[in-house]
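Everything on this sheet refers to the single structure shown next.
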Amino acid sequence: MSETELGAFLRAHREAVPPAAVGLPNGNRRRTPGLRRAELATLAGVSVDYLTRLEQGRDRSPSVQVLAALAETLGLSRDERIHLHRLAKTTTGGGGSCGGAAVARARTVRPTVRALLDRLEPAPALVVNRPGDLLAWTAGFARLAGPAGLLEGEPPNLARYAFTDPRAHDAHPDWDAVAGERAAALRAAAALGDPHSALLAEELTITAGARFRDRFEGSAALPARTGVERWAHPEVGELRLAYESLELPDPDEQRLVVYLASDEATAAALDLLTGTLTG
């Protein structure tokens, strides 16, 4: 893990907090888009010098109390707080759950997870690991993503598809947003020491160049785990799909992602795809 991952994560969230959210005036002379270091330090009860050392990677052993104060002041979510503590643990050499056990990357899911996917039919749903490899998916997801070429990789991978397959731009009308999320997910995994995510990041830096590198280096915050994605399907047109991500209890940290219609037009389009599947 880079020495500055913890600092980059703190800085990204500091710059994302509007001053008004913590009771400070916005002002007209701000060069920082969010909170200044001095403001965050004062609110969290730490010195500006110490916060500077943390952000610059010159201090790699913050206490639990300091992390808790910074997380509270920044308004971090539960997942973001967990990620912050894991970054700190990895930085200090204590290791995280992404250590040696990650060398043998799982290529399959448990039978109970497969049974869960079967129960989710015909909804589009998939299971991915830390680097974004697709390990299993529903027939509904195959009908959604198959025509776009997403499932053609061996194994299929969300980030590799987004950055190296020209069809990704057609499949995702909001490609910039999707690409940013894929890069952020890969960086979050690599930051915690997952070797497969780090190797994929190196690969994409070479194969995709600046369009990947710029997003990867600028994505210190965690990716969204819920939201809405637009998909363009050759048979039923544009779909607006709400997604939910659930972490599965597994050493490989697999994640279940389920897509649902976010409006009536998309629901009708999904019904058409279901008819194609079952017809």
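Heads up: numbering here begins at 1 and tracks the sequence.
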Legend entry - Minimum side-chain heavy-atom gap Asp118-Arg114 below 4.5 Å: yes
Inset, instruction - Indicate yes or no: at least one non-hydrogen side-chain atom of Val64 is less than 4.5 angstrom from one of His85. - result: yes
Legend entry - All pairs passing ring-ring contact (aromatic ring centres under 6.0 Å, His included) where residues 50-84 contributes a residue, at least two apart: Phe9-His83
Inset, instruction - Could you grab the distance from atom CZ of Arg211 to atom OG1 of Thr205, nearest 0.5 Å is fine? - result: 11.5 Å
Inset, instruction - Can you see which heavy atom on Ala38 is nearest to which on Val48, and at what distance? - result: CA-CG2, 3.7 Å
Inset, instruction - Decide whether Leu272 and Tyr259 are clustered together by the hydrophobic rule: side chain heavy atoms of Ile, Leu, Val, Met, Phe, Trp, Tyr closer than 4.5 Å, transitively. - result: yes
Legend entry - Thr226 side chain to Tyr243 backbone, donor-acceptor under 3.5 Å: yes
Legend entry - The single option from Leu10, Thr52, Leu54 passing side-chain contact (heavy atoms from CB on, under 4.5 Å) against Arg37: Thr52
Legend entry - Heavy-atom pair of closest approach, residues Asp176 and Arg215: OD1-NH2, 2.9 Å
Inset, instruction - May I ask you to test the Phe212-Leu186 pair for a side-chain heavy-atom distance under 4.5 Å? - result: yes
Inset, instruction - Mark yes or no for whether Arg53, through its side chain, and Arg58, through its backbone, hold a donor-acceptor pair below 3.5 Å. - result: no
Inset, instruction - Could you pull out the closest heavy-atom pair between Pro156 and Trp137, with the gap in Å? - result: CG-CH2, 4.0 Å
Legend entry - Co-membership, hydrophobic cluster, residues Leu126 and Leu117, 4.5 Å side-chain: no
Inset, instruction - Side-chain contact test, heavy atoms from C-beta onward, threshold under 4.5 Å: evaluate it for Leu24 versus Leu35 and give yes or no. - result: yes
Legend entry - Nearest heavy-atom neighbours spanning Pro62 and Ala88: CG-CB, 4.2 Å
Legend entry - From CA spacing to verdict: side chain to side chain contact (heavy atoms under 4.5 Å, CB included), Asn129, His196: CA-CA 10 Å; Asn129 59 13; His196 306 292; over 6 Å; no
Inset, instruction - Consider only side-chain heavy atoms of I, L, V, M, F, W and Y, link residues closer than 4.5 Å, and tell whether Phe163 and Leu158 are in one cluster. - result: no
Inset, instruction - Please check if the side chain of Asp194 supplies one atom and the backbone of Ser197 the other of a donor-acceptor pair under 3.5 Å. - result: yes
Legend entry - Considering all heavy atoms, the nearest Ala142-Pro147 contact: O-CD, 3.8 Å
Legend entry - N/O donor-acceptor pair under 3.5 Å between Asp49 side chain and Leu51 backbone: no
Legend entry - Side chain Asp133, main chain Leu135, donor-acceptor under 3.5 Å: no
Legend entry - Same cluster (ILVMFWY, side-chain, under 4.5 Å), Val258 and Leu150: no
Inset, instruction - Using atom types as modelled and distance alone, determine if a side-chain donor or acceptor of Glu181 lies under 3.5 Å from a backbone N or O of Ala224. - result: yes
Legend entry - Side chain proximity check, Glu39 to Arg14, heavy atoms < 4.5 angstrom: no
Legend entry - Inter-residue atom distance Arg130.CZ - Glu253.CD, 0.5 Å rounding: 5.0 Å
Legend entry - Check: Arg187 side chain, Phe216 main-chain N or O, donor-acceptor pair, under 3.5 Å: yes
Inset, instruction - Report, as yes or no, whether the 6.0 Å neighbourhood of atom CZ on Arg240 holds more than 12 heavy atoms from other residues, nucleotides or ligands. - result: no
Inset, instruction - Evaluate the side-chain proximity of Leu241 to Leu144: yes if any heavy-atom separation is below 4.5 Å, no if none is. - result: yes
Legend entry - Where at least one partner belongs to residues 164-173, residue pairs that pass side chain to side chain donor-acceptor pair (under 3.5 Å), sequence neighbours excluded: Glu152-Arg167, Asp165-Arg167
Legend entry - For the student: nearest non-hydrogen atoms of Leu134 and Phe141, plus distance: CD2-CE2, 3.6 Å
Legend entry - Flag side-chain contact, heavy atom, 4.5 Å: Arg230 against Glu238: yes
Inset, instruction - With rounding to the nearest 0.5 Å, note down the distance linking CG in Leu204 to CG in Leu200. - result: 4.5 Å
Inset, instruction - Give a yes or no answer on whether the side chain of Ser245 reaches the backbone of Arg225 with a donor-acceptor pair at less than 3.5 Å. - result: yes
Inset, instruction - Treat each ILVMFWY residue as a node, draw an edge where side-chain heavy atoms are under 4.5 Å apart, and state whether Leu222 and Ile82 are in one component. - result: no
Inset, instruction - With rounding to the nearest 0.5 Å, note down the distance linking CG in Leu40 to CG in Leu74. - result: 5.0 Å
Legend entry - Under 3.5 Å: donor-acceptor pair, side chain of Gln254, backbone of Val127: no
Legend entry - Heavy-atom check, side chain of Arg182 versus side chain of Tyr161, under 4.5 Å: no
Inset, instruction - For side chain to side chain contact (heavy atoms under 4.5 Å, CB included), just list the numbers for Val128 and Asn157, CA-CA rounded to whole Å, side-chain angles, deciding distance to a tenth of an Å, and then say yes or no. - result: CA-CA 8 Å; Val128 295; Asn157 181 275; over 6 Å; no
Inset, instruction - With rounding to the nearest 0.5 Å, note down the distance linking CG in Leu70 to NE2 in His13. - result: 12.0 Å
